[in-house]
Structure formats: structure tokens, C-alpha cells
Amino acid sequence: MSTAVVIPAYNAARHLPAVVQRVLAHPPGDLQAVIVVDDGSRDDTAAVAAGLAAVEPRLQLLRRAANGGYGAAMKDGLAAARARGASQVACVHADGQYSPEVLPGLLQAMSARGLDLLQGSRIASGTALSGGMPLYKYLANAGLNVLENLTFGLGMTDYHSGYLVYGPRALAAIPFDRLSDSFEFDLEVIASARAAGLAVGEAPVPTHYGDEISHLRPLPYGLRVLRVLWRYRRGKYAS
């Protein structure tokens, strides 16, 4: 199967070169494309990505004229990956918080376990707090995790890392265009996968919180997460 890596990037010029280099240094054997989606950045993200693309033929830059949100960037990246014929896609964040080095192992785990969608878990790895995850985020994640497991019946430890790997059935069955343009996009992907009867699981991933800037506002995000759970219970994600 051919693999594409989508990197949504917003004001990520400082971290992007290292992340791309790490992806290319530890690629899955069938890596077809690395797609950087510049989501209307106000720094040099687009110029940095264009420079990387000039020397790496597998790298594709997509530029959004205005910032549309994480979900909007992912929709563009996923559409581009499918247009290139990728049969599986991984999302790697541009800030380097989640290790690109473990991606080949995640793809192997997804295949070996017969999963359609694989979530990288900071909690299962035991590296969340030691990697610098703020305590308030750790506790909020734990509280939401209880509600999410009750809703989805999955028994997972982390629904919010954003390190998602999509298999062929997930790419074909999930109606991405109907999902949020904001950060709850990933949770809606999981909700849609569950509603479609797809196999969803997780695998541990190391994480490192450094000097990256988070654009996620915790309270509004938490409320939107609760809305996703409520909508799922009401059958809103069933096709």
C-alpha cells in the first residue's frame, strides 16, 4: 500500500524543517508523499515548505489563502493524499510534539491488528507528563476520556493527540467534508468511524512538549468535545 503523510502547519516555520527531515529519515517503505498544508500562516511557513519541496520531490505544498482551522487544513491534506492515490494516510503535527520516528511501527500495528483507524496515545506510552504535558491538560484529558469511552465503547486512553493513521476503509467511508474545521475534527473522525462500523484502536506514542505555541483554547474545545459526544449519541454521524 502507498502511504502519504499530511502535516497541517500554522505559523510553524521554526519547527517544520526538522519535522519533515525526521519523517524522511524514518519513512514507511511505501512513502509516496509528504503533504504540507500551510493554513494561512503569518510567518514564513509557506516559504520554508516551498524550499523543502524544491529539493524533495515527494514533498507537496498546499497553501490556504486564509487560516481556516486545523480541520480545514486536514480536509485539504486528506483530499490531496487521496488524489495522489494514497491508500493510507498519517497525520504528523508540524511542531514536532509527536515522534515521526514511530510512524512505520504505527502502520505495522494498524495492519497487524486489522484496524481501519489508529490513534497514537500519549497516555498509553507513559510519556505524557514526563514529556512535558501540562498537568491541567492531563487531568482534563482523563476526565473527557471517561465520557468518550462510555460513548464510543472503545476502552482507549487518549482521543486527543491528533496523531491519527487512516487505513483504506477509513479514507473511503468517512465523510470528511461534513466534519468540523476546528480541532474537534479528529474526534469527529473517530465518531464517524465508529458510526460506520470501522475498527478503531490506539497504540502508544512518545511525546515532547517544548517551545511550540498551542492554538487550541481548552475550555471552548472541551465544550465542543461534549457536543460531539452528544451528537454521536443522537446518531448524527451515521451515514
Side-chain angles (χ1 to χ4, degrees), residues 6 8 37 39 68-79 81-82 88-93 98 106 109-110 113-125 128 133 136-205 207 214-239:
V6 173
V37 185
D39 190 23
Y70 168 79
M74 280 305 303
K75 291 175 189 179
D76 284 358
L78 287 163
R82 286 179 291 172
Q88 52 189 10
V89 178
C91 171
V92 173
H93 287 195
Y98 307 124
L106 294 180
M110 184 173 70
R113 293 161 58 188
L115 298 176
D116 301 303
L117 187 71
L118 179 66
Q119 169 82 69
S121 172
R122 302 160 292 183
I123 309 304
S125 71
M133 185 178 188
Y136 79 89
K137 285 189 176 182
Y138 183 89
L139 295 175
N141 187 82
L144 290 173
N145 193 76
V146 173
L147 297 176
E148 288 156 344
N149 278 329
L150 287 172
T151 300
F152 299 128
L154 286 172
M156 297 198 333
T157 62
D158 189 359
Y159 288 83
H160 304 285
S161 77
Y163 203 155
L164 277 177
V165 184
Y166 303 78
R169 294 211 310 160
L171 292 175
I174 296 173
F176 298 109
D177 288 345
R178 302 182 199 169
L179 307 185
S180 172
D181 284 345
S182 192
F183 286 105
E184 68 270 23
F185 173 83
D186 288 334
L187 188 61
E188 288 197 305
V189 165
I190 295 173
S192 299
R194 286 297 283 161
L198 302 182
V200 181
E202 68 177 14
V205 294
T207 183
S214 174
H215 302 284
L216 186 150
R217 295 164 53 196
L219 182 56
Y221 174 70
L223 294 175
R224 294 197 301 270
V225 165
L226 296 178
R227 184 177 63 182
V228 172
L229 301 183
W230 178 78
R231 286 168 57 85
Y232 177 82
R233 285 188 174 275
R234 290 176 60 87
K236 298 296 185 180
Y237 295 99
S239 57

Pair Tyr166, Phe176 - check ring-ring contact (aromatic ring centres under 6.0 Å, His included), show working. CA-CA 12 Å; Tyr166 303 78; Phe176 298 109; 5.8 Å; yes
With side-chain contact (heavy atoms from CB on, under 4.5 Å) as the criterion, how do Phe185 and Lys75 come out once you've worked through the C-alpha distance, each side chain's angles and the decisive distance to 0.1 Å? CA-CA 9 Å; Phe185 173 83; Lys75 291 175 189 179; 3.9 Å; yes
Please determine whether side-chain contact (heavy atoms from CB on, under 4.5 Å) holds for the pair Leu164 and Val89, giving the CA-CA distance in whole Å, both sets of side-chain angles, and the decisive distance to 0.1 Å. CA-CA 8 Å; Leu164 277 177; Val89 178; over 6 Å; no
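Across Val6 and Met74, no two heavy atoms sit closer than the pair CG1-SD, 3.9 Å. Here the closest non-hydrogen pair linking Asp158 and Gly120 is OD2-O, 4.1 Å. Closest of all the heavy-atom pairs between Glu202 and Ala124 is OE2-CB, 4.1 Å. The minimum heavy-atom distance between Cys91 and Gly162, with the atom names listed, is SG-O, 3.6 Å. Closest approach of Leu171 to Arg82, counting heavy atoms only: O-NH1, 3.5 Å. Contact record, Leu150 with Arg233: O-NH2, 3.6 Å, taken as the closest heavy-atom pair.
Between Val225 and His160 the shortest side-chain heavy-atom distance falls below 4.5 Å. For the pair Phe152/Leu229, a side-chain contact is recorded, criterion being any heavy-atom separation below 4.5 Å from C-beta on. For the pair Asn149/Leu154, a side-chain contact is recorded, criterion being any heavy-atom separation below 4.5 Å from C-beta on. Taking the side chain as every heavy atom from C-beta outward, Leu117 and Leu198 never approach each other to under 4.5 Å. Taking the side chain as every heavy atom from C-beta outward, Glu148 and Ile190 never approach each other to under 4.5 Å.
Distance check: Thr157 OG1 to Gln119 CD gives 8.5 Å after rounding to the nearest 0.5 Å. Atoms OH and CG, from Tyr98 and Leu106 in turn, are 13.0 Å apart once rounded to the nearest 0.5 Å. Rounding to the nearest 0.5 Å gives a distance of 9.5 Å between CG of Asp181 and CD of Glu188.
Annotation: cation-pi pair Arg231/Tyr237 present, NZ/CZ under 6.0 Å from the ring centroid and within 45° of its normal.
Residues that satisfy the side-chain hydrogen bond (donor to acceptor under 3.5 Å, both in side chains) test with Arg169, not counting sequence neighbours, are Asp116.
A distance-only check finds no donor-acceptor pair linking the side chain of Ser182 to the backbone of Glu184 [under 3.5 Å]. Using modelled atom types, no side-chain atom of Tyr232 and backbone atom of Thr151 make a donor-acceptor pair closer than 3.5 Å. A donor-acceptor pair under 3.5 Å is absent between the side-chain atoms of Ser192 and the main chain of Ile174, judged by distance alone.
In the model, Asp39 has no side-chain atom that pairs as donor or acceptor with a side-chain atom of Tyr70 under 3.5 Å. Residues Arg224 and Ser180 have side chains that never bring a donor and an acceptor to within less than 3.5 angstrom of each other.
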